[in-house]
There are 2 protein chains.
Amino acid sequence: MREREQEQSSANGPIYLRVRDQIADQIENGLLQPNSRLPSERVLAESNHTTRVTARLALAQLEAEGRIYRSNRRGWFVSPPRLVYNPTEDYSFSDNVVAQGRVPATETLDVTTIEANAWLAAKTGLAEGDPIVRLHRRRQIDGRSVLVENIYLNARRLPGIETFDFNRSLWKLMREHYGLELARKQIEMFPTALVDPQAEALGVNAGTAGLYVTRCSRDNEGCFVEFDEEFWLHDTLSIQVDVR
Amino acid sequence: MREREQEQSSANGPIYLRVRDQIADQIENGLLQPNSRLPSERVLAESNHTTRVTARLALAQLEAEGRIYRSNRRGWFVSPPRLVYNPTEDYSFSDNVVAQGRVPATETLDVTTIEANAWLAAKTGLAEGDPIVRLHRRRQIDGRSVLVENIYLNARRLPGIETFDFNRSLWKLMREHYGLELARKQIEMFPTALVDPQAEALGVNAGTAGLYVTRCSRDNEGCFVEFDEEFWLHDTLSIQVDVR
DNA sequence: TCGCTTATCTGGTATAGACCAGTTTGGCGA
DNA sequence: TCGCCAAACTGGTCTATACCAGATAAGCGA
C-alpha cells in the first residue's frame with residue numbers, strides 16, 4: 001500500500017514527523033537493513049538539533065507503523081518483513097517460517113493439567129472442572145521472540161497428549177497419532193497492547209502493540225479439541241485468508 | 001481475556017503504570033462509562049502529583065490497549081465495545097452495526113473512474129490501464145468515524161455501477177442488480193499505524209494505531225469483481241471468522 | 001588466553017516548565 | 001432571545017535536564 005501513497009513530505013510540519021520521514025526514507029532506500037540498529041536516541045536528537053523527547057516521538061511513530069522495533073535497553077532496530085500467516089490452516093509454524101526463508105524456534109515454557117474455569121468453559125463448551133492440558137509456548141523467528149501462546153487441549157479427547165514432545169508440530173501429532181482431522185474453527189482476533197505477563201515473556205515493555213488471536217478447533221463431530229490463544233508482536237505478521 | 005489475568009498491581013512500579021491502573025479500574029468498575037470524557041491531562045497530572053508528560057504516558061498506554069481514544073483537542077474518551085466483524089461474509093456494514101445495537105453512518109467521499117495502475121493490476125489480476133471505478137467512503141459508529149475505505153470495482157464486470165447510490169449496501173446491489181454471487185475472497189490484514197491521508201480523513205493524529213484490511217472478491221468464474229481496502233481504528237473492531 | 005571488574009553506552013522514567021492551535025463556554029450586546 | 005466574540009480550556013508539540021537500570025565493551029589481572 002505504501003508505494004502509491006503521496007507521502008506528503010512534512011517539511012513544514014512538526015519536527016518529530018520530519019525525523020520520522022528521514023528515517024523511513026533510509027529504511028526504504030536500503031540504507032538501513034532489516035534488523036540493523038538505528039543511531040541512538042541521543043545521536044538522533046543531536047543530529048536533528050532537537051531533544052531526546054522529540055526524537056523518541058519519531059521513534060514511537062515508526063514503531064507504531066511496524067517499521068522499527070526496540071530491544072530493551074539495547075537500541076532500536078529495523079523490522080524485517082512480516083510473516084505471512086493463515087490462522088485457518090492447520091500447518092506447522094515451523095514449516096511456514098522455513099518456507100518464507102526464516103529460521104523458527106519454539107520453547108515450551110510450561111505444561112500443566114488444569115480444570116476448566118468459567119472463562120475456558122465459555123470458550124470451549126466444556127463444563128467447569130473438565131480436565132484440560134495447558135501448554136505454554138514461546139516462538140521465535142530469526143532469534144526474535146514474536147509470540148507467546150497458551151494452548152488448551154481437551155484431555156478426554158486426546159488421552160496421553162501431555163506425554164509427547166511439544167516442540168514438534170501439534171497438528172501433525174493430532175493427525176498421525178489420534179487420527180484426527182479438525183473440522184471447524186472459530187477464530188477471533190483484534191489489535192491490542194501487550195501487558196504483563198505476555199509482555200515480559202516476550203522481553204518487551206508493557207504497552208507494546210500486539211495482535212491477540214484465538215482459535216477454537218473441533219473435530220468433525222463437533223467435539224472440542226483445542227483452544228489456542230496467541231499474543232503476537234504487531235509488526236511481525238500479516239494475516240492472509242483465502243475463502244471459497 | 002482480561003478477567004483471568006493476575007493483574008499485578010504496579011503499586012511499586014513506574015508512576016505512569018500506577019495512573020494507568022487507576023484509570024483502567026475506573027473503566028472496569030463502570031465509574032467511567034463508554035464515550036464519557038476522562039479528566040484533562042493537567043488534572044490527571046496534578047491529582048497524581050506528577051507532570052503532564054507522565055500522565056500522557058499512562059494515557060498512551062490505555063490508548064494502545066484500546067481502552068480509551070482521543071478526539072483532537074477535545075479530550076480523552078472511554079472506548080465503547082468493539083464491533084464484531086467477519087470480513088469473509090458478504091453482509092452489509094450497516095446491518096451488522098444495527099444488529100449490535102449501534103448506529104451506523106456512511107459518507108461517500110469520492111467516486112471516480114480510473115485506470116488500473118501497477119499496484120492494482122497486481123492485486124486484482126487486471127491489466128494495467130483497465131477501467132476501475134474507485135469509491136472512497138468513510139463509515140461511522142455512533143457518530144465516531146471508525147474506518148475509511150477504498151473500493152475498486154471492475155468496471156467491465158459491473159457496467160453502470162457508478163450511477164448507483166453508494167450509501168446503500170454494495171453487496172445487495174451486486175446481488176440484486178447484477179445477479180452476482182461472490183465465490184472467492186482473498187483477505188489480508190495486519191496492524192499498523194494510520195498515516196495521512198487516512199489519519200486526516202478519520203480526524204485522528206498521524207500515528208494512531210489501526211488495522212489495515214484488504215479483500216479481493218471474484219465471481220464463480222474467477223473473474224475479478226471488487227478489491228476493498230479498509231483502514232480501521234484499532235480499538236473499534238474484533239475480527240471473527242468461522243471456518244468449516 | 002581467559003575471566004572478572006568497571007566504565008560507558010543504551011533506553012526507561014521523570015521533572016518543570018513553555019507556547020501553539022483548535023474547542024468549548026460564558027457573557028455581552030443587539 | 002439570539003448571535004457573536006472573547007476568555008478559558010483542551011490536547012499537540014517542544015526545550016532542557018536529570019537519574020536509574022540493564023546491556024555492552026574495554027581493560028586489567030591472574
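Here is how names work: the chains are called A, B, and so on, in the same order as the sequence lines, proteins then strands, and each is numbered from 1.
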My understanding is that only residues two or more places apart in sequence, or in another chain, count here; which of them pass salt bridge (charged side-chain N to carboxylate O under 4.0 Å, His left out) with B/Glu107? B/Arg138
Verify whether the ring centers belonging to A/Tyr85 and A/Trp232 lie closer than 6.0 Å. yes
Which of parallel (below 30°), tilted (30 to 60°) and perpendicular (above 60°) describes B/Tyr152 and B/Trp119? perpendicular
Nucleic acid footprint by protein, nucleotides 10-20 of chain D - heavy-atom cut-off 4.0 Å, B for base, S for sugar-phosphate alone: BBBBSBB-B--
Considering the options A/Leu62, A/Val78, A/Leu59, which one meets the side-chain contact (heavy atoms from CB on, under 4.5 Å) requirement together with A/Arg67? A/Leu62
When you check the side-chain N and O atoms of A/Glu65 and B/Thr192, is any donor under 3.5 Å from an acceptor? no
